[in-house]
Structure formats: structure tokens, C-alpha cells
Amino acid sequence: MTDITHPRIEDYAARHSSPEPPLLIELAEATRGFSDDHGMMVGRLEGRLLKLLVAISRARRVLEIGTFTGYSALSMAEALPPDGRIVTCELSERHADVAQSFIDRSPHGAQIEIRRGPAGATLAALEGDFDFVFIDADKTGYLAYYEAVLPKLRSGGLIAADNVLWSGRVLDEASDDADTRALREFNAFVATDARVECVMLPVRDGLTLARKL
């Protein structure tokens, strides 16, 4: 992932944010050894932001599309009330197995349920209303996921979509791969969608927040 923010600025911001618990530090290290795609993990700065957003929104029902190794789900679970719950969707059995092994060790693990398989099928079977949705899966599916979850999101609920700047490739006219095209389409659609109000933040690889009106 190409840096959006200068690495020293991002490091400074992370160090001046609340610390992550020891289990997440261990998970981050394990993820770096587990996968060459460890950049898909949200990391301390975005993880603390997600926790804060869940807390501020007083979310009880959280939906995540794209578990990876579980860092973001475990971050958000920290902010849930005792009756809160996260449903997180993961296609890769390998990723889900790693995530489950850390979820099982978390004091919040009983509040997190991994649904394995294609997210589209999982979303079709879920009933609303969710309070908070985090989209961080295959980029070509973003718009379909957004349309699938918006009716299941309560009025005033929040969607957070990750990687919307895509290492800056959304601005590069020479970048014409399927993921980049899909993210450009998604970004343009959300920005003009009268059903939400949104803001795009240059945090990590870009994070769009959309509140359902």
C-alpha cells in the first residue's frame, strides 16, 4: 500500500492515540508473519478510530464485510455494550481460522460471530436493523455491498468503507484495473447519494463515512 499520509505523520498519530490491547498487538505481529497481504489489516490508528466510532454511535448491532484476521472486529467489539454483537463476513477459510483463534482468546469473543462464505449470500440472509457497518472486502463488490446493507441500516446508522483512496490510484488516469474502476464508481455514487451524508477521510488508505438519513 502506497502511503497516503507521510509515514512519520501516521506513526506520530498512532503513537498519540489510545493504545491497543496486548491481544491486538500480538494479532498484528502474527498477521505480518501470516500473510504477504498484511497491509489489509487496519492497524492501530484505524482500529482505534473504528472503536471510537462504534462507541460514539452507541452501536449494538455491527456488521463487518471482510474479516481478514480479525483485527478490526476485535477493535470494534471493545466498544460494544454487554448485549452488543458483531456479525463479520469472511470468504477465506484460512483467514477465518486465524481470526477465530484470536476471537476465542478475547474477553469480547462471545460477541463476535464469523459468517463464512460469499458475503452476498450472508447479507441476503441477515435481518436489520444494524447500527454500524464496516465494508473492507473485495473492491469490485463495494457498491453491491453498500446497496445490500443500506436497507438493513437504521436511520442515523453509519457505514464506514475502507481503502477508498486505493493508494492514490483513484486519481491516476493511467490506473484502469477493475478494483480502481470499482472504487471510483463507488466513491462517485456515495458522494451523490441523497439517502446519506458522507465524508471521505485520508486515514490510512482512505475511509468514507456515510450516515443514513
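Below, all heavy atoms of this structure are taken into account, side chains as well, without hydrogens, waters or symmetry copies.
Here the shortest heavy-atom pairing between A210 and V190 reads CB-CG1, 4.2 Å. Closest heavy-atom contact between T67 and S72: O-OG, 4.4 Å. Taking both residues in full, the closest heavy atoms of V54 and A79 are given as CG1-CB, 3.8 Å, listed atom of the first, atom of the second, then distance. In plain terms, the two heavy atoms of A137 and Y142 that are nearest each other are O-CE1, 3.4 Å. Minimum heavy-atom separation, I112 to A77: CD1-CB, 3.7 Å. Closest non-hydrogen pair, Y145 versus G120, comes out as CE2-N, 4.3 Å.
Of the charged side-chain nitrogens involved, at least one lies within less than 4.0 Å of a carboxylate oxygen, so that E113 and R115 count as a salt-bridged pair. With respect to the salt-bridge test (charged N to carboxylate O, under 4.0 angstrom), the residues R195 and E147 qualify. Ion pairing between R48 and E20 fails under the 4.0 Å rule for side-chain N and carboxylate O. Contact check on E197 versus K212 returns no salt bridge, with no Lys/Arg side-chain nitrogen under 4.0 Å from an Asp/Glu carboxylate oxygen.
Side chain of K152 to main chain of L126: a donor-acceptor pair is present (N/O by atom type, distance under 3.5 Å, no hydrogens or angles). For the pair S175 (side chain) and L171 (backbone), a donor-acceptor distance under 3.5 Å is absent. Distance alone, capped at 3.5 Å, places no donor-acceptor pair between the E90 side chain and the A96 backbone. Between the side chain of D11 and the backbone N or O of P7, no donor-acceptor pair lies under 3.5 Å. Checking side-chain atoms of R44 against main-chain N and O of I25 turns up no donor-acceptor pair under 3.5 Å. Judged purely by atom type and a 3.5 angstrom limit, Q111 uses its side chain to pair as donor or acceptor with the backbone of P81. A donor-acceptor pair under 3.5 Å links the side-chain atoms of D205 to the main chain of S167, judged by distance alone. Under a 3.5 Å cut-off, the side chain of D138 and the backbone N or O of G141 do form a donor-acceptor pair. R85 places no side-chain N or O within donor-acceptor distance of the main-chain N or O of R61, the cut-off being under 3.5 Å.
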Next on the checklist: As a quick check of understanding, evaluate salt bridge (Lys or Arg N to Asp or Glu O under 4.0 Å) for D131 and R60, giving each step before the final call.
Outcome noted: CA-CA 7 Å; D131 305 300; R60 279 183 162 78; over 6 Å; no
Item to check | Criterion salt bridge (Lys or Arg N to Asp or Glu O under 4.0 Å) on R116 and D97, from CA distance to verdict | outcome: CA-CA 10 Å; R116 302 180 185 225; D97 286 345; 2.8 Å; yes
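L153 is not listed as a side-chain neighbour of D129, based on a closest heavy-atom distance of 4.5 Å or more. Looking at E46 and L207, their side chains come closer than 4.5 Å, going by heavy atoms from C-beta outward. Using a 4.5 Å cut-off on side-chain heavy atoms (C-beta onward), Y146 and V133 make no contact. Put simply, the side chain of V149 reaches to within 4.5 Å of the side chain of L123, judged on heavy atoms. Residues R204 and I4 form no side-chain contact, since every pair of their non-hydrogen atoms from C-beta on lies 4.5 Å or further apart.
The cationic atom of R15 (NZ for Lys, CZ for Arg) does not lie both less than 6.0 Å from the six-membered ring centre of Y12 and within 45° of the ring axis.
Separation of atoms CG (L74) and NE2 (H108) is listed at 8.0 Å; rounding is to 0.5 Å. Rounding to the nearest 0.5 Å places OH of Y71 at 9.5 Å from OG1 of T31. Expressed to the nearest 0.5 Å, how far CG of L209 lies from OG of S57 amounts to 10.5 Å. Note that CG of L165 and OG1 of T208 are 7.5 Å apart. Values are rounded to the nearest 0.5 Å. Summarising the geometry, atom CG belonging to L80 is positioned 4.5 Å from atom CD1 belonging to I86; distances are rounded to the nearest 0.5 Å. The CG atom of L63 lies 4.5 Å from the CZ atom of F130; values are rounded to the nearest 0.5 Å.
Using a 4.5 Å cut-off between side-chain heavy atoms of Ile, Leu, Val, Met, Phe, Trp and Tyr, with links allowed through other members, L201 and L158 fall into the same hydrophobic cluster. Note on L50 and L52: separate hydrophobic clusters, where clusters join Ile, Leu, Val, Met, Phe, Trp and Tyr whose side-chain heavy atoms are under 4.5 Å apart, directly or indirectly. V203 and V199 fall within the same hydrophobic cluster, defined by Ile, Leu, Val, Met, Phe, Trp and Tyr side-chain heavy atoms under 4.5 Å apart, directly or through other members. The hydrophobic clustering, which links ILVMFWY residues whose side-chain heavy atoms are closer than 4.5 Å, places V98 and L91 apart. Cluster annotation: F189 is connected to M200 through the hydrophobic network of ILVMFWY side chains, with a link wherever side-chain heavy atoms come within less than 4.5 Å.
Between K139 and the choices N163, D179, D162, the side chain to side chain donor-acceptor pair (under 3.5 Å) rule is met once, by N163.
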